[in-house]
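Working notes, structure below.
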Amino acid sequence: MDFFSHLVVDLAYFLNTSDGYQQKKQFFYNILENNRYQYKKYFDLFMMSLIFLSVAILIAEVKNDVHYFIKFFNIYIISIIFFIEYLLRFWTSSNVSEIIISCSEHDTMLGRRFNLSRAVIKILKVKSKFILSIRSIIDLLAILPFFHELRLLRLFVLFRVFKLFRYTTSFQVFASVLSTKKFEFLILLMFTSIVVFVSSVLVYVMEANNPDSPINTLFDALYWSIVTISTVGYGDVTAVTVEGRTVAIFVIIAGVSVLAFTTSIVVSAFTEKLDEIREIKTVDDIRKLKHFYLICGYEGVAQEVAAKLKNQKVKIIVLDESEHRIANAKKDGIVALNYDPGNIESYKKIGVDLNTQVKAVLCLRESDVENVYTTLTVRSISEKVNMISLLMDESNRKKLEFAGVNEILYPKGLVGMISKELIGRPVAFEVIHALRNDYYGVSVEEILVDSRIHENAIYLNELNSVSFKIVLLGIYKKDKKRFFFNPLENTLLESGDYLLVIGNSAFIKEFEKYLHKKIRT
Amino acid sequence: MKKRIALIFGYNDYALEIAKNIVDSYNKIYIYSLHSEQDVVKNSSEFEIRSFDLSDKWDDINEFVDIEHSIAFCVLEDNAENIFLTISLRSSFPDLNIIALSNNKETASKLQMAGANRVIPLVQTTAEMIAEMMEKPIVKEVFHKILFESSTLKIAQIRINGTNSYIGKEIIELDWDKKYGVIALSIMYENMRNEFIYSSIIKHYRVKEGDSFIIVGYETDIKEFEKIVGSECD
């Protein structure tokens, strides 16, 4: 026994440290449970298709003879796929090896021998929690049509429809919204049950002995009561006596009230949760973005930056703790979340990878205290992400640098520099300002010399910028990290260089297209 | 004797930054504080602080300032006060060059209506620099060097003088980049209207005496070009 326990612990350690095993488990977990995993949606779509196919076959089977293969597919193939899915969920729902290791380490720490049975009980508890969850029960019931010899079990195909809840988040949102009104629904259910029970008994007592009445059994009375209170009123079973009709009047009134109450509960649940639903949707959309800028704060400069980046069709997300400012951002058509950018929880809620998804974090609050705080928060999550911050008071520059900001912009210093330009070369300043803002349709752009362009042009004179009425201001050499103004025509182009061109924005776009299309002869 | 003076209205960080940057260009710099005499007493900067009131008639300024060659900066933090100050200065000194600071587009247009010669659109400029840092970092770096840093690459305004061989030539025929190593960005007509030379409507415009060109080039090339083509102007 002791040897067996040792073997189990060794195996647990092996599994827990095996990269291959962990990677495979993580892969299956991602594809089954992780909504942020890019391939999960394809898996969900595949499973949903199987569900609809299964139901379609069930319907077709009612009045037609379906091909043997289709039956086989429905009964065996789909069931086996669902069964495999169930087993994978069972496997990934918890980490057995970790439980064994933690029990073993716990026992070692307390100086006693490892008790395998305690670990097994713990594992059973965790696994039974999974098995007894509603979703798992539905999954299991959806596999039952496999035992098609029991004809009734074939109807369990319909349980496969409930599996749709797993694959569509909107269903889950709908259920979660309604679950917030559990108490109200419970009261409504109790009220309805009492009315149905009392009216069924009353109408049965009043009608059962009347030979003209279609209500002869308690089941008829119950059926009549439910049809009436639901305001459906089929009319196949009706009360014929005066007493029975009097009961009907009360049930109809109660029915209208129940309907109105139900509607109001559902509407109020959605109204209350509307912002939350929108937020969930926004966060979900943000997680899907590959690259975006995160703007912290939405005051004067931030508003302008957001507008400029939005005009350039760049994805931006705004975070601000002020509801008012977030409302302004939304009004400006910007994706914004009312999260505190200085709070680490905000980033956990958004759930994006700052290193890969965020191009840069812009701390644009008009307060150095807030910007330093946000910088430190972001730096505690990611050391790599590029951070730019506004500086409101020169004396705080070092604090921002120490906090980990990559680039600092000091507007007051900028005023000084601009003033110097304005007294010396006012028109020159305005020209550059106009170029930066794409006034008169003229702008300055950077064109990356990628491998495609490089294949098409080896020397600058092969670019043919003149025919596009574009002026090549210069070339930025990546390897030398230096800008060469007005370079010679025989300058060698290299992959990774940047061309700085000035001209009509539309012509620049055409020129860029041409560079990529052109095939060197 | 009247002097070429820079008058900065508003005692704040903006004023001090402006003063630091333009100190070499003027005989004297005065910073005017609006609110109290305390600023005058507390002043720790190297610049002279004076107090003023929005209802001032500015008679003393007229006495010692060469208005035509001096400059005024209106950098009060309150937008309404800054506009009032600008209009007040303009009504008293029609020839004074007034540069005003604006924090938003609305204030910028009001400042221009109030008579400011130039407006520094602070928020907009800061934002465009940040946006450029993000999407066009090389453009930002190059422009920053050209405008604000002491690099060899410069931007200049060159006025075409009367003896110039380029007079009468079409914009499209200008070959300054190859011949002189300078690139022309825009043209400023005699009536001060400014237009980019890349605009298709002006490619057949014939250069006239008095037109100014905004050119970019290395300092030495600009100087050479200036000798041949015209004169550098403010």
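Chain A is the first sequence line, chain B the second, and so forth, proteins listed ahead of strands; every chain is numbered from 1. Note that the structure is a prediction, hence the values are computed from the model and not measured.
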Side chain from CB out, backbone as N, CA, C, O: work out which of these in P121(B) comes under 4.5 Å of a heavy atom of chain A, or both, or neither.
side chain
Any salt bridge linking K223(B) with E226(B)? Criterion: basic side-chain nitrogen under 4.0 Å from a carboxylate oxygen.
no
When heavy-atom pairs shorter than 4.5 Å are enumerated against chain A, which of D221(B), L101(B), V216(B) gives the highest number?
V216(B)
Picking from I214(B), N97(B), V75(B), N103(B), which has the most non-hydrogen pairs under 4.5 angstrom with chain A?
I214(B)
Between H69(B) and Y26(B), which heavy-atom pair has the shortest distance, and what is it?
O-CE2, 3.9 Å
Go through L309(A), V314(A), L500(A) and name the one with the most non-hydrogen pairs under 4.5 angstrom from chain B.
L500(A)
Is it the side chain or the backbone of E135(B) that comes within 4.5 Å of chain A heavy atoms, both, or neither?
both
What part of L488(A) is in contact with chain B, defined as an atom under 4.5 angstrom from a non-hydrogen atom: side chain, backbone, both or neither?
neither
Give, as side chain, backbone, both or neither, the part of K20(B) having an atom under 4.5 angstrom from any heavy atom of chain A.
neither
Can you say whether Y476(A) sits under 4.5 Å from chain B via the side chain, the backbone, both, or neither, judging by heavy atoms?
side chain
Any Lys/Arg nitrogen of K28(B) or E48(B) sitting under 4.0 Å from an Asp/Glu carboxylate oxygen of the other?
yes
Between S395(A) and D393(A), is there a side-chain donor-acceptor contact under 3.5 Å, judged purely by atom types and distance?
yes
To the closest 0.5 Å, what do you measure between NE2 (H291(A)) and OG1 (T356(A))?
8.0 Å
Which region of V139(B), side chain (C-beta onward) or backbone (N, CA, C, O), has a non-hydrogen atom less than 4.5 Å from a non-hydrogen atom of chain A, or is it both or neither?
both
Is the shortest distance from a Lys or Arg side-chain nitrogen in E510(A) or K513(A) to a carboxylate oxygen in the other one below 4.0 Å?
yes
Could you look at I418(A) and say if it's the side chain, the backbone, both or neither that has a heavy atom under 4.5 Å from chain B?
both
Please determine, among E407(A), K308(A), K412(A), E445(A), the option with the most heavy-atom pairs under 4.5 Å with chain B.
K412(A)
Using a cut-off of under 4.5 Å on heavy-atom pairs, state which of I99(B), I71(B), N12(B), L153(B) scores highest against chain A.
L153(B)
Spacing of CG belonging to N486(A) relative to CG belonging to D177(B), to within rounding of 0.5 Å:
5.5 Å
Run the salt-bridge test on E401(A) and K398(A) with the 4.0 Å N-O cut-off and return the result as yes or no.
no
At a heavy-atom separation under 4.5 Å, does Q303(A) approach chain B through its side chain, its backbone, both, or neither?
neither
Between P411(A) and T126(B), the two heavy atoms sitting closest are CB-OG1, 3.8 Å
